[in-house]
Amino acid sequence: MSLRNCTALKTLDFGENELVGNIPSWMGRNLPHLTILSLRSNKFSGYIPRELCALNLLHVLDVAHNKLLGSLPSCVGNLSAMVYSINGLFENYIDYGATYFIENLFLMVKGNFYEYDRTLNLVRVLDLSNNSLSGDIPWEITRLQGLQSLNLSHNHFTKRIPPNIGNMSSLESLDLSVNKLLGPIPESMSKLSFLSYLNLSDNQLTGKIPLGTQLQSFDASSYAGNELCGLPLMKNCNEVNQRVPGTGNNVEKDTDGDKVNWLFVSMAIGFIFGFWSVLSPLVISRQWRYAYYRYLDEMWWKSLSLCV
């Protein structure tokens, strides 16, 4: 029996195997009731199929530690079960009709592995870490306001962190470490009031860490390997501005270093001008030259007569 015919399937866990090839795109079409998809620690390659975005009930997607490449589809913002915040209590089991079965799953959350069983239906996790994904982080991901844990670490994401990441109001764990992200940390990140784990280390982030109770409460290691300043780091932003190329202070210092010392230039010009103003008439005019020599001769004899 083919898995694509199991249209009522709700949980699919193939983690910690040696599976190869592409992630089947038919999962998004044939498994509309899928709520948990774990393909962690396999050897899947290729792109993340856009068809997975059609899984409206999916609230756990874990494809970490594979060989996936390409960009993160912008349609990830359509994962409805991760869009809305959790209100009220959910059942702690998965209903398979006449049978109730308590699922359990190990997930990487807040930098550690945790086993979820009775609370699994309360968890909203997106883990794409340790792949070769590239390009920018699509702004559409910030629609996932019910998402609790986002892990995009150890990839090749570039450009800036989405400026409205602060809209992801349910985030408790955010790991964007070991990428190639540029620019400042968005000011909106300071609004993530539930955030209890943050790792932005080993990127190319610059500027001041936004002020906010949450962001200043993390250890300095959360920001290591960047060009950041401000609390909780010991690096003062005023000192950084004096060293960073392009700042006013630095331009002034560079300009001073490249300035010509006009005092010495004017002295040299004055010497040359004075020397030639005396010498040039002697070279050009024979009459002046003879008069000059007679003057020197007279001065010579006068000096001799004084000495005698």
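Scope of the values below: all heavy atoms of this structure, side chains included, with no hydrogens, waters or symmetry mates. The chain is numbered in sequence order, starting from 1.
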Decide yes or no for [X] and [Y]: does some side-chain heavy atom of the first lie under 4.5 Å from some side-chain heavy atom of the second?
{"X": "Trp139", "Y": "Asn167", "answer": "no"}
{"X": "Ile23", "Y": "Leu68", "answer": "yes"}
{"X": "Arg143", "Y": "Asn78", "answer": "yes"}
{"X": "Leu215", "Y": "Tyr223", "answer": "yes"}
{"X": "Ile209", "Y": "Gln216", "answer": "yes"}
{"X": "Asp62", "Y": "Leu37", "answer": "no"}
{"X": "Ile165", "Y": "Pro186", "answer": "yes"}
{"X": "Leu72", "Y": "Ile141", "answer": "yes"}

| task | Under the side chain to side chain contact (heavy atoms under 4.5 Å, CB included) rule, what do Leu171 and Leu150 come out as? Steps first, then yes or no, please. | result | CA-CA 8 Å; Leu171 269 185; Leu150 175 61; 4.1 Å; yes
According to a 4.5 Å side-chain heavy-atom criterion applied to Ile, Leu, Val, Met, Phe, Trp and Tyr, with indirect links allowed, do [X] and [Y] form part of one hydrophobic cluster?
{"X": "Leu79", "Y": "Trp26", "answer": "yes"}
{"X": "Met27", "Y": "Leu3", "answer": "yes"}
{"X": "Leu57", "Y": "Leu55", "answer": "no"}
{"X": "Leu211", "Y": "Leu200", "answer": "no"}
{"X": "Met168", "Y": "Phe194", "answer": "no"}

With no hydrogens and no angle check, is any side-chain donor or acceptor of [X] less than 3.5 Å from a backbone partner on [Y]?
{"X": "Asn179", "Y": "His156", "result": "yes"}
{"X": "Asn151", "Y": "Asp127", "result": "no"}
{"X": "Ser222", "Y": "Leu198", "result": "yes"}
{"X": "Asn17", "Y": "Leu19", "result": "no"}
{"X": "Asn30", "Y": "Asn5", "result": "no"}
{"X": "Ser188", "Y": "Pro163", "result": "yes"}

Quick one: closest heavy-atom pair of [X] and [Y], and the distance?
{"X": "Glu18", "Y": "Asn42", "value": "N-OD1, 3.4 Å"}
{"X": "Cys229", "Y": "Asn236", "value": "CB-C, 4.2 Å"}
{"X": "Val76", "Y": "Cys53", "value": "N-SG, 3.6 Å"}
{"X": "Asn130", "Y": "Asn155", "value": "N-ND2, 4.0 Å"}
{"X": "Pro138", "Y": "Pro73", "value": "CG-O, 4.2 Å"}
{"X": "Leu181", "Y": "Ile137", "value": "CD2-CD1, 4.0 Å"}

| Would you call Arg160 and Asp136 a salt bridge, taking side-chain N to carboxylate O under 4.0 Å as the test? | no
Reported [atom1]-to-[atom2] distance for the pair [X] and [Y], which is rounded to 0.5 angstrom:
{"X": "Ser196", "Y": "Glu172", "atom1": "OG", "atom2": "CD", "value": "5.5 Å"}
{"X": "Leu174", "Y": "Ser149", "atom1": "CG", "atom2": "OG", "value": "8.5 Å"}
{"X": "Arg124", "Y": "Met82", "atom1": "CZ", "atom2": "CE", "value": "8.0 Å"}
{"X": "Thr35", "Y": "Asn56", "atom1": "OG1", "atom2": "CG", "value": "12.5 Å"}
{"X": "Leu12", "Y": "Ile36", "atom1": "CG", "atom2": "CD1", "value": "10.5 Å"}
{"X": "Leu205", "Y": "Ile185", "atom1": "CG", "atom2": "CD1", "value": "6.0 Å"}

| query | Should Gln148 and Val123 be marked as a side chain to side chain contact (heavy atoms under 4.5 Å, CB included) after you check the CA-CA gap, both sets of side-chain angles, and the distance that decides it? | reply | CA-CA 7 Å; Gln148 297 163 317; Val123 177; 4.3 Å; yes
| Do any pairs count as a side chain to side chain donor-acceptor pair (under 3.5 Å) and have a residue in residues 197-211, sequence neighbours left out, and if so which ones? | Asn199-Ser201
| query | Residues in side chain to side chain donor-acceptor pair (under 3.5 Å) with Asn164, at least two apart? | reply | Thr142
| request: Could you walk me through whether Thr7 and Leu31 pass the side chain to side chain contact (heavy atoms under 4.5 Å, CB included) test, one step at a time? | output: CA-CA 5 Å; Thr7 55; Leu31 307 178; 5.6 Å; no
| request: Please assess Leu176 against Ser153 for the test side chain to side chain contact (heavy atoms under 4.5 Å, CB included), listing each intermediate value before the final yes or no. | output: CA-CA 5 Å; Leu176 304 178; Ser153 64; over 6 Å; no
